[in-house]
Amino acid sequence: MRKRITKAIFPVAGLGTRFLPATKSIPKEILTLVDRPLIQYAIDEARAAGIKEFIFVTSRGKSALEDYFDSAPELEKALRRRKKRDLLEILKQTDMDSGAIAYVRQKEPLGLGHAVWCARRLIGEEPFAVVLPDDVIASDRPCLGEMIEAHAGIGGCMLATMLVDREKVPNYGILDVAEEKGALVRARGIVEKPSIEAAPSRHAVIGRYILTPSVLRSLGRIRRGAGGEVQLTDAIQQEIARGQPVHGFRFEGQRYDCGSKAGYLQATVAFALSRPELRDEFAGFLHEILAMPHAAE
Ligand code: G1P
């Protein structure tokens with residue numbers, strides 16, 4: 001029987017330069033959509049998928065992330081004194097079992113592949129997930145859970161994918177497609193951030209992966225690739241070259257690229273509109289401001 005997937009790596013070491021100056025002192029994973037930080041959405045999706053061990057690959061300046069998932073005795077005491085049961089309930093979202101989160105440091109920003117490799121000693125000989133908190137996916141059926149289910153039948157590596165416009169392919173890992181069957185896209189190749197002309201398809205990898213331990217071994221050997229960084233994509237390409245199955249999983253739902261300002265703002269609007277207590281007032285405001293000739297100038 002295939003081993004259950006219970007471990008997930010969250011690469012959170014990035015500098016977040018696209019959100020400077022805010023990210024000078026706040027990790028970008030703590031930026032909020034309405035009132036919940038990006039990392040909370042990622043953790044919730046992983047928890048719903050049955051993940052039990054959460055491995056954060058961090059760097060200097062990310063201590064706010066560790067505090068976020070720690071208990072806050074003074075705050076809790078104050079809320080209890082004021083009988084704020086609803087707020088205490090909200091705080092429970094951040095409650096993680098002792099020992100469920102492990103932190104490893106990436107000493108130098110050498111790329112996503114290197115960040116994942118930094119967690120190798122905590123993974124061992126079992127398949128594992130990688131979740132990029134920048135990619136927020138709103139869906140009735142959480143993406144990672146759906147992937148784990150689909151993976152149980154075929155094994156190998158599985159990557160969340162979606163079709164992107166041709167001019168966007170240079171921003172992503174792109175699949176060379178051998179076969180499409182329902183939600184599954186079998187890859188015969190994968191290339192990191194190709195030019196528009198060189199891209200083998202428009203099937204782009206989004207930040208959810210199920211990987212095998214041999215990917216970690218490849219990451220220890222491969223040279224730096226696109227952008228001078230150790231690319232996860234290149235290690236996955238090696239799996240394909242060794243004849244191992246690699247599939248894209250065309251997930252359902254709306255994905256927001258919260259690593260970009262435009263995507264982050266779109267997610268903020270969408271999540272605000274999905275909240276019953278905000279929806280009417282916020283929708284009214286959007287109508288009004290869009291009707292103004294020089295909105296927010
Ligand atoms: C990373 C991966 C890329 C993937 C993307 C998804 O790129 O290297 O293959 O398509 O995440 O968000 P980054 O966005 O970190 O440049």
Side-chain angles (χ1 to χ4, degrees), residues 9-20 22-23 27-29 31 33 38-39 41-42 45 57 106 109-116 129-139 143-144 147 157-177 180 185 187-211 215 219 222-237 240 246-270:
I9 300 175
F10 298 78
V12 291
L15 295 172
T17 49
R18 279 189 262 181
F19 287 92
L20 280 171
T23 45
K28 72 172 168 180
E29 298 78 14
L31 295 175
L33 295 178
L38 295 178
I39 192 67
Y41 292 88
E45 187 182 325
V57 181
Q106 184 186 26
L110 296 179
L112 176 60
H114 180 261
V116 169
V130 175
V131 177
L132 308 187
D134 277 4
D135 281 326
V136 176
I137 302 174
S139 172
C143 178
L144 188 62
M147 285 173 68
C157 294
M158 188 174 280
L159 330 167
T161 54
M162 63 184 262
L163 283 173
V164 296
D165 293 338
R166 193 149 280 286
E167 64 272 18
K168 295 275 185 349
V169 294
N171 299 333
Y172 296 95
I174 300 289
L175 297 190
D176 187 356
V177 176
E180 281 187 58
V185 184
R188 63 169 160 238
I190 181 170
V191 47
E192 180 69 8
K193 303 197 171 79
S195 65
I196 295 178
E197 300 71 37
S201 78
R202 294 192 294 119
H203 289 272
V205 176
I206 302 305
R208 305 287 182 276
Y209 305 76
I210 297 173
L211 301 174
V215 172
L219 284 170
I222 56 174
R223 301 198 177 164
R224 296 188 196 188
E229 297 185 337
V230 178
Q231 296 293 350
L232 189 54
T233 299
D234 294 346
I236 297 170
Q237 169 59 37
I240 300 175
V246 172
H247 288 89
F249 178 80
R250 295 184 61 176
F251 59 93
E252 285 173 24
Q254 179 69 36
R255 172 259 184 171
Y256 298 96
D257 172 12
C258 292
S260 79
K261 281 178 207 162
Y264 175 69
L265 290 171
Q266 287 159 15
T268 300
V269 171

Would you say [X]'s side chain and [Y]'s backbone share a donor-acceptor pair under 3.5 angstrom?
{"X": "Arg224", "Y": "Leu110", "answer": "no"}
{"X": "Tyr41", "Y": "Leu33", "answer": "yes"}
{"X": "Glu45", "Y": "Leu144", "answer": "yes"}
{"X": "Thr23", "Y": "Gly16", "answer": "yes"}
{"X": "Gln231", "Y": "Ala226", "answer": "yes"}
{"X": "Arg250", "Y": "Thr161", "answer": "no"}
{"X": "Arg188", "Y": "Val177", "answer": "yes"}
{"X": "Gln237", "Y": "Ile190", "answer": "yes"}

What is the minimum heavy-atom distance between [X] and [Y], and which atoms define it?
{"X": "Ala160", "Y": "Phe251", "answer": "CB-CD2, 3.8 Å"}
{"X": "Ser260", "Y": "Arg18", "answer": "CB-NH1, 3.9 Å"}
{"X": "Gln106", "Y": "Ala13", "answer": "OE1-CB, 3.3 Å"}
{"X": "Pro133", "Y": "Pro11", "answer": "CD-O, 3.9 Å"}

[Y] side chain reached by [X] side chain, heavy atoms, under 4.5 Å:
{"X": "Thr233", "Y": "Leu112", "answer": "no"}
{"X": "Thr268", "Y": "Tyr256", "answer": "no"}
{"X": "Asp176", "Y": "Val191", "answer": "no"}
{"X": "Pro170", "Y": "Ile196", "answer": "yes"}
{"X": "Arg208", "Y": "Ile206", "answer": "no"}
{"X": "Val116", "Y": "Val230", "answer": "no"}
{"X": "Asp234", "Y": "Leu219", "answer": "no"}
{"X": "Tyr172", "Y": "Val205", "answer": "no"}

Q: Could you walk me through whether Val215 and Cys157 pass the side-chain contact (heavy atoms from CB on, under 4.5 Å) test, one step at a time?
A: CA-CA 9 Å; Val215 172; Cys157 294; 3.7 Å; yes

Nearest 0.5 Å, what's the [atom1]-[atom2] distance between [X] and [Y]?
{"X": "Met162", "Y": "Arg202", "atom1": "CE", "atom2": "CZ", "result": "10.0 Å"}
{"X": "Met158", "Y": "Ile236", "atom1": "CE", "atom2": "CD1", "result": "12.5 Å"}
{"X": "Ile9", "Y": "Tyr209", "atom1": "CD1", "atom2": "OH", "result": "12.0 Å"}
{"X": "Asn171", "Y": "Asp257", "atom1": "CG", "atom2": "CG", "result": "8.0 Å"}
{"X": "Cys143", "Y": "Ile137", "atom1": "SG", "atom2": "CD1", "result": "4.0 Å"}
{"X": "His203", "Y": "Leu163", "atom1": "NE2", "atom2": "CG", "result": "4.5 Å"}

Q.
Please determine whether the number of non-hydrogen atoms from other residues, nucleotides or ligands lying under 6.0 Å from atom NZ of Lys193 exceeds 12.
A. yes

Q: Determine whether more than 12 heavy atoms belonging to other residues, nucleotides or ligands lie under 6.0 Å from atom CD of Glu180.
A: yes

(Q) Is there a side-chain contact (heavy atoms from CB on, under 4.5 Å) between Leu175 and Leu159? Walk through the geometry before answering. (A) CA-CA 10 Å; Leu175 297 190; Leu159 330 167; 4.1 Å; yes

Q. Is the closest basic N to carboxylate O distance between Asp134 and Lys28 below 4.0 Å?
A. yes

